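See below for the structure under consideration.
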Amino acid sequence: MDKASDSVSIAELLDERRHLLNVACSILGTGSEAESAIAETYRQWYELPDPARARIAAPRSWLVKLVASICSADPSAFVLDDPFRTAPVAVAEGQADPDLDCTEPADHARRSLRARRSRPATPQQHDAVVRTVRLACAIGDAPLLASVLADDVTAIFDGGGKVRALTEPVHGNLEVAHSLLTLLTPRPGTTLHTHSVNGSTGIVACYDHRVAAVISLDIAGPHVVEAWVTLNPDKLRSWNPPAAEPGYPGLS
């Protein structure tokens with residue numbers, strides 16, 4: 001099972017993906033085939049048992065060797081991108097337990113809804129908590145971040161099998177704080193902004209002037225009860241229009 005300690009920064013995730021795309025394009029020559037090769041590379045990564053992944057000391061080097069091998073083989077030898085956008089790990093787990101895919105997220109959603117109904121946050125309270133989360137992540141303040149997370153908070157990371165993100169929900173304020181700080185603590189080229197997300201104030205993380213993560217926060221009273229972190233490049237396309245100017249308009 002994934003642990004919060006397995007998380008990596010946005011900069012590392014996106015640099016890794018770009019490097020893999022460069023390797024794939026240099027061999028295949030076209031962007032569409034390269035994307036399919038990257039999808040197959042991450043599919044094989046997530047098919048590895050957790051202990052096997054944990055033994056790989058340099059995941060990026062392992063992935064580079066794999067994508068080069070895939071691209072050098074017959075392009076028909078690997079499966080093209082899943083048209084249903086199903087994360088590879090979800091497919092594998094779903095075969096073992098048909099209810100596993102939907103039951104846990106559904107339970108989290110129901111628990112989050114109950115918490116929000118029992119302790120509703122006003123729009124002003126919601127925005128204040130979001131600003132505190134952004135500030136804590138921007139300055140790397142773990143105690144400050146944990147102070148606005150509920151004890152039983154859950155964070156869900158959606159990489160869609162397209163980046164090396166956590167595939168299991170993270171539970172508990174200390175564990176969630178660690179995973180969010182690892183992902184979002186600024187590195188060169190990384191910035192954090194508050195922005196409307198699904199009708200409420202959320203957080204948008206940019207790397208090299210492109211939106212790299214969108215975070216929706218469910219808040220009850222003064223605490224975050226659930227965080228949804230979207231890292232899947234396919235789901236972020238609408239945030240990164242081709243003609244977007246650096247900095248993406250409207251972020252603050």
Side-chain angles (χ1 to χ4, degrees), residues 2 6-92 157-167 182-191 204-214 229-248:
D2 287 338
D6 296 328
S7 59
V8 295
S9 70
I10 280 179
E12 182 177 345
L13 289 180
L14 296 193
D15 284 343
E16 173 185 279
R17 179 176 170 81
R18 289 175 183 174
H19 185 62
L20 294 178
L21 280 171
N22 288 338
V23 171
C25 286
S26 69
I27 298 173
L28 298 174
T30 65
S32 60
E33 288 187 342
E35 286 284 357
S36 294
I38 298 304
E40 173 63 11
T41 299
Y42 281 115
R43 185 188 70 80
Q44 293 192 29
W45 167 263
Y46 284 118
E47 277 191 342
L48 292 173
D50 290 340
R53 285 205 306 269
R55 288 195 296 269
I56 298 175
R60 176 165 168 165
S61 297
W62 188 93
L63 290 167
V64 168
K65 292 178 182 177
L66 178 58
V67 75
S69 175
I70 289 171
C71 292
S72 299
D74 177 4
S76 65
F78 59 86
V79 179
L80 295 179
D81 210 0
D82 176 16
F84 297 103
R85 305 295 185 197
T86 303
V89 70
V91 174
F157 298 82
D158 175 15
K162 303 298 180 71
V163 293
R164 188 164 48 89
L166 294 174
T167 58
T182 301
L183 182 72
L184 300 175
T185 294
R187 309 282 179 89
T190 303
T191 56
V204 174
C206 294
Y207 179 64
D208 279 357
H209 308 296
R210 304 285 288 177
V211 173
V214 174
V229 184
T230 300
L231 297 159
N232 184 344
D234 292 341
K235 294 183 178 180
L236 296 177
R237 284 177 181 168
S238 63
W239 289 85
N240 289 306
E245 294 295 329
Y248 194 82

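Computed from heavy atoms alone, side chains included, the values below leave out hydrogens, waters and symmetry copies. Owing to the predicted nature of the structure, the values given are computational and were not obtained by experimental measurement.
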Ion pair present between R17 and E35, side-chain N to carboxylate O less than 4.0 angstrom?
-> yes

Write down the atom of A212, the atom of L236, and the distance for their closest heavy-atom approach.
-> O-CD1, 3.3 Å

Determine whether R164 and L63 make a side-chain contact, defined as any pair of heavy atoms from C-beta on separated by less than 4.5 Å.
-> yes

Under the 3.5 angstrom rule, does the side chain of S26 hit a backbone N or O of V23 as a donor-acceptor pair?
-> yes

CD (E33) and CD1 (I38) are apart, to the nearest 0.5 Å, by 12.5 Å

Would W45 and I56 satisfy side-chain contact (heavy atoms from CB on, under 4.5 Å), going step by step from the backbone distance to the final call?
-> CA-CA 11 Å; W45 167 263; I56 298 175; 3.6 Å; yes

Could you go through the side-chain contact (heavy atoms from CB on, under 4.5 Å) check for L183 and L231 one step at a time?
-> CA-CA 10 Å; L183 182 72; L231 297 159; 4.3 Å; yes

Are any of the side-chain heavy atoms of V163 and P233 separated by less than 4.5 Å?
-> yes

First locate atom CH2 of W62, then atom OG1 of T41, and finally report the distance between them rounded to the nearest 0.5 Å.
-> 8.0 Å

List in chain and number order the residues that pass side chain to side chain contact (heavy atoms under 4.5 Å, CB included) with A34, two or more places apart in sequence or in another chain; answer none if no residue qualifies.
-> L21, A24, C25

Working for side-chain contact (heavy atoms from CB on, under 4.5 Å), residues I70 and Q44 | CA-CA 11 Å; I70 289 171; Q44 293 192 29; 3.8 Å; yes

All side chain to side chain contact (heavy atoms under 4.5 Å, CB included) counterparts of A11, not counting sequence neighbours | S9, R187, T190, Y207

Residue pair V67 / L20: nearest heavy atoms and the distance that separates them | CG1-CD2, 3.9 Å

Nearest 0.5 Å please: distance from the CG atom of N232 over to the CG atom of D158.
-> 5.0 Å

How far does OG1 of T167 sit from CZ of F157, to the nearest 0.5 angstrom?
-> 11.0 Å

Minimal non-hydrogen separation, I10 against A213, with atom names | CD1-CB, 3.7 Å

Counting distance only, does the side-chain N/O of R43 pair as donor-acceptor with the main-chain N or O of G161 below 3.5 Å?
-> no

Who passes salt bridge (charged side-chain N to carboxylate O under 4.0 Å, His left out) against D208, sequence neighbours left out?
-> R18

Taking the side chain as every heavy atom from C-beta outward, state whether V214 and K235 have any pair of such atoms under 4.5 Å apart.
-> no

CG (L14) and NE2 (H19) are apart, to the nearest 0.5 Å, by 14.5 Å

Measuring from R60:CZ to L13:CG, what's the distance to the nearest 0.5 Å?
-> 11.0 Å

